[in-house]
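What follows is one structure encoded as structure tokens, with my remarks underneath.
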Amino acid sequence: MVSGRVASRRMTATLRTARLLLEPYRPEDEDAFVALFQDRRVSRWMADGTPAPEAEDRALFGRIFTKVYAQRLFDVWAVREDGRYVGHAEIKPTEVTGGHEIVYALTPEAWGRGLGTELAEAVVGHGFDALGLSAVHATVTAANDASLALLTRLGFAHRRDFEEDDGTTTRCLTLVRSDRRPWTASASGLREGPRAREGG
């Protein structure tokens, strides 16, 4: 379980990395959000491995505003590079991990340049520094070698596996905060199962 001063009733902060800007979604991001999750190269690593109906993704986008932001449930970000939408990220409590789980996805055009590592580090740093978490978790389908390698490089350790209804295996990984490694996130100011995709 996690511990610390989890601030659950606050606005989503804006985070900056060397190349990325993580900021709260705007209504005009809807089409880009839907395109990300409708892309089969991305959706193969999410949920059951196929895109949800487009109407469901549009409804999901709406709930970011009407539920997640309105009730300040957890942090959800649009990810931009040079002003362009290139991905999605969030950190939220989930029952399957028993703590806070990171979720991230990048457009295929952003794969292969280390942006996934940059993005994951920012979200983890926010969890440790701003939320005061003692551990963060990730769930990744066992076939997603790129994300498993990325998380392992960041120090995540395999905790357990569980079988999905479709027969696939999901890996649960955990990173425990260490005082020996400083985690910093430069800050101002929905879909279950991240199974994140980062191509390099």
Side-chain angles (χ1 to χ4, degrees), residues 1-2 6 25 32-64 67-68 73-79 86-112 115-117 119-124 126-127 131 133-176 190-200:
M1 294 295 289
V2 298
V6 179
Y25 273 97
F33 173 93
V34 171
L36 174 69
F37 289 106
Q38 287 292 302
D39 191 314
R40 290 185 177 275
R41 293 167 293 177
V42 176
S43 65
R44 67 177 294 202
W45 305 117
M46 313 291 282
D48 65 359
T50 59
E54 181 178 326
E56 289 186 16
D57 281 337
R58 292 194 182 277
L60 178 64
F61 183 79
R63 288 195 297 275
I64 291 175
K67 185 173 182 180
V68 177
L73 298 179
F74 52 86
D75 293 307
V76 181
W77 296 275
V79 182
V86 295
H88 170 90
E90 54 190 79
I91 185 169
K92 63 184 179 182
T94 60
E95 290 184 10
V96 70
T97 64
H100 277 66
E101 181 175 1
I102 65 169
V103 179
Y104 60 95
L106 289 172
T107 62
E109 295 73 23
W111 295 354
L115 293 177
T117 300
L119 175 57
E121 282 186 321
V123 178
V124 168
H126 178 76
L131 301 185
L133 302 175
S134 60
V136 294
H137 309 277
T139 57
V140 183
T141 187
N144 191 345
D145 294 333
S147 278
L148 289 170
L150 183 160
L151 293 167
T152 299
R153 287 195 302 271
L154 292 183
F156 279 79
H158 178 235
R159 192 169 124 205
R160 64 187 173 96
D161 290 344
F162 52 92
E163 297 300 315
E164 302 287 0
D165 292 340
D166 62 2
T168 61
T169 299
T170 294
R171 296 223 158 117
C172 182
L173 300 95
T174 300
L175 177 62
V176 176
L190 302 186
R191 183 184 301 270
E192 290 298 319
R195 304 190 193 175
R197 178 64 170 116
E198 197 280 329

Between Leu60 and Phe37, is there a side-chain heavy-atom distance shorter than 4.5 Å? no

If you round to the nearest 0.5 Å, how far is OG1 of Thr174 from NE2 of His100? 13.5 Å

Non-neighbouring partners of Arg58 that pass salt bridge (Lys or Arg N to Asp or Glu O under 4.0 Å), sequence neighbours left out: Glu30, Asp31, Glu54

As an exercise, state the distance from CG of Asp75 to NE2 of His126, rounded to the nearest 0.5 Å. 3.5 Å

Is any side-chain heavy atom of Leu148 closer than 4.5 Å to one of Phe156? no

Other residues, nucleotides and ligands only: do more than 12 of their heavy atoms fall within 6.0 Å of CZ on Arg160? yes

Point-to-point distance, once rounded to the nearest 0.5 Å, from CG of Leu106 to NE2 of His88: 11.0 Å

Between atom CZ of Arg171 and atom OG1 of Thr139, what is the distance when rounded to the nearest 0.5 Å? 12.5 Å

Spell out, as yes or no, whether a donor-acceptor pair under 3.5 Å connects the side chain of Arg159 to the backbone of Thr97. yes

Smallest separation among heavy atoms of Leu115 and Ala110, with atom names: CD1-O, 3.7 Å

Flag side-chain contact, heavy atom, 4.5 Å: Leu173 against Val140: yes

Take atom CD of Glu95 as the centre, draw a 6.0 Å sphere, and report whether it contains more than 12 heavy atoms from other residues, nucleotides or ligands. no

So, do Val136 and Leu131 sit near enough that their side-chain heavy atoms are less than 4.5 Å apart? no

